[in-house]
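First up is the structure itself, then whatever we jot down about it.
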Amino acid sequence: MVRETLLFVDERCLAHDPGYAHPESPGRLRAILDRLQHDPIRGTRIELPRQATSEELQRVHTVPYVQEILALAGTSTQLDPDTAMCPATLPAALLSAGAAIEAVGAVSEGVANGAFALGRPPGHHAEPDRAMGFCLFNNVAVAAAHARQMLGYERILIVDWDVHHGNGTQVAFYDRPEVLFFSTHRLPFYPDTGALTEAGRGAGEGYTVNVPLPPRLGDGDYAAVFRELLLPIAERYRPELVLVSAGFDSHGDDPLGGMGVSADGFAHLCHLAKGIADRHAGGRIALVLEGGYDLPALAESVHACTRVLAGALPPEPPPPSERGLAALREAAAFHRRYWPV
């Protein structure tokens, strides 16, 4: 049987509208879908996701928080200064979490050669008991919790290359070794978390790996961090499943990020993450859409990563910059106490 790369997406996620001129606009998903339609990728297929259930959300989020959000169905409200709901928001948020769960199921059952959950609103800022940063439910964390509790995985790697730190994902697994959270992000920057010293607590100490970066770093800098830190950590950890919080706001054209990564650079990061999955996890890898607010850059970057999932090889990145190497050395010096980096 020839396995396809599955793209889990539902156009009902286009109806979520957080307000006029909001960066997390319906145009983000529309640009992605238009790019995939106009330049189809051989070996991929679109699948409709289902909505996540309350029980599935409560593996990460508190019962009162889930009940609070569900009670807002059909209303318009402002959850925090950045995060708004309209009547179509709740179905979109449930579909986005459900898409991440379905992506994990597809790669776990061996029916998909990689998967990409293309949902919105995004998720990695949502903490167990609050919405923030455009996010209602933490899609990648809900998917990881499903993989742990329902599919029996004991070692799950979450790689977060969004320009913003995935504070919600970190909080969800901060004291647990069965999920290793690896994050590259700009710092200081929103949400002002993700320092090197935030490395986990108790049984989870060492299993949160933060790599804070200065602005304006590019393809070679990110590739060096992945090669010199992520790959040796994964070699020791041996994940059974690889999940990626795939935010594309580190792109050089993004209006919010202030970084310099290209679509080819993201494709190379995806290639390295896929290599980890191929080596340790039987090829089980799923990407979950996070940020990215320049529409052409977002669409091209998603397309480039999808091509990699479907078997394409990306171009090699340039060498890292001196500023990137300095950040890498600082991170390696700290994380060496836990990992052979």
Side-chain angles (χ1 to χ4, degrees), residues 10 12-13 15-19 22-24 49-104 117 119-150 156 158 160 162 164-176 178-179 181 183 190-194 198 200-202 204 207-208 243 245 247 288-291:
D10 192 305
R12 284 177 287 178
C13 290
H16 163 56
D17 187 355
H22 196 286
E24 210 291 283
R50 61 172 176 83
Q51 292 187 346
T53 67
S54 296
E55 179 183 5
E56 289 167 335
L57 298 173
Q58 289 166 12
R59 295 184 186 129
V60 168
H61 297 284
T62 65
V63 172
Y65 175 73
V66 173
Q67 291 176 342
E68 173 192 348
I69 297 300
L70 294 181
L72 294 172
T75 68
S76 295
T77 189
Q78 195 77 28
L79 299 174
D80 81 352
D82 303 309
T83 312
M85 291 181 67
C86 72
T89 296
L90 182 60
L94 295 174
L95 286 165
S96 296
I101 294 170
E102 293 280 274
V104 165
R120 56 175 295 274
H124 72 154
H125 292 310
E127 296 190 352
D129 60 353
R130 65 168 175 163
M132 65 179 293
F134 314 162
C135 306
L136 272 72
F137 301 125
N138 194 315
N139 307 317
V140 75
V142 168
H146 172 81
R148 175 73 184 101
Q149 296 187 30
M150 301 304 295
I156 301 166
I158 298 178
D160 189 329
D162 192 282
H164 303 98
H165 180 242
N167 57 293
T169 312
Q170 174 172 294
V171 169
F173 304 113
Y174 201 60
D175 57 359
R176 298 163 61 179
E178 64 266 26
V179 176
F181 177 59
S183 176
Y190 181 89
D192 296 321
T193 56
E198 297 171 24
R201 179 177 54 240
Y207 294 93
T208 293
L243 303 177
S245 265
V288 180
L289 184 65
E290 300 289 358

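In this text the structure is predicted, and so the values were computed from the model without any measurement. Throughout, numbering of the chain's residues begins at 1 and tracks the sequence.
Heavy-atom minimum distance, V288 versus A100: CG2-CB, 4.1 Å. Scanning all heavy atoms of the two residues, the minimum distance from G247 to D162 falls at CA-OD2, 3.3 Å. Scanning all heavy atoms of the two residues, the minimum distance from A97 to A52 falls at CB-CB, 3.7 Å.
In this structure, the ring of H22 has its center less than 6.0 angstrom from the ring center of F134.
Considering only heavy atoms from C-beta on, Q170 stays 4.5 Å or farther from S183 through its side chain. Contact of the L70 side chain with the S54 side chain is registered, since non-hydrogen atoms from C-beta on lie closer than 4.5 Å. At a threshold of 4.5 Å between non-hydrogen side-chain atoms, the residues Y207 and V179 do not count as touching. Within the 4.5 Å cutoff, the side chain of I101 has heavy atoms near those of the R50 side chain. The shortest side-chain heavy-atom distance between F173 and I158 falls under the 4.5 Å cut-off.
In this structure, the separation between CG on D129 and OH on Y65 is 8.5 Å, given to the nearest 0.5 Å. One distance of note links NE2 of H164 with OG of S245; it measures 13.5 Å at 0.5 Å rounding. Here OG1 of T62 is found 12.0 Å from CZ of R130. Values are rounded to the nearest 0.5 Å. T208 OG1 to R176 CZ: the interatomic distance, rounded to the nearest 0.5 Å, is 11.5 Å. In this structure, the separation between CG on D17 and OG on S76 is 9.0 Å, given to the nearest 0.5 Å. Residue Y174 holds its OH atom at 5.5 Å from CD of E198, rounded to the nearest 0.5 Å.
Under the 3.5 Å distance criterion, with hydrogens and angles disregarded, a donor-acceptor pair is assigned to the side chains of H165 and T193. With no hydrogens or angles considered, a side-chain donor-acceptor pair links D160 and H124 at under 3.5 Å.
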List the atom pairs, donor and acceptor, that lie under 3.5 Å between side-chain atoms in residues 143-150 and the rest of the protein, sequence neighbours left out.
unit_1: H146; atom_1: ND1; unit_2: R59; atom_2: NH1; d: 3.4
unit_1: R148; atom_1: NH1; unit_2: Y153; atom_2: O; d: 3.1

If you look only at distance, which donor and acceptor atoms sit under 3.5 Å apart when one is on a side chain in residues 84-95 and the other is two or more places apart or in another chain?
unit_1: T89; atom_1: OG1; unit_2: H16; atom_2: ND1; d: 2.8
unit_1: T89; atom_1: OG1; unit_2: C86; atom_2: N; d: 2.8
unit_1: T89; atom_1: OG1; unit_2: C86; atom_2: O; d: 3.3

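Ion pair E290/R120 not flagged as a salt bridge, since none of the NZ, NE, NH1 or NH2 atoms sits closer than 4.0 Å to an Asp/Glu carboxylate oxygen.
Judged by distance alone, with hydrogens and angles left aside, the side-chain atoms of N138 form a donor-acceptor pair with the main-chain N or O of A126 at under 3.5 Å. Put simply, the side chain of T83 never gets that close to the backbone of D80: no donor and acceptor are under 3.5 Å apart. In terms of modelled atom types and a separation under 3.5 Å, the side chain of Y190 and the main chain of G133 share a donor-acceptor contact. Put simply, the side chain of N167 gets close to the backbone of H125: a donor and an acceptor are under 3.5 Å apart.
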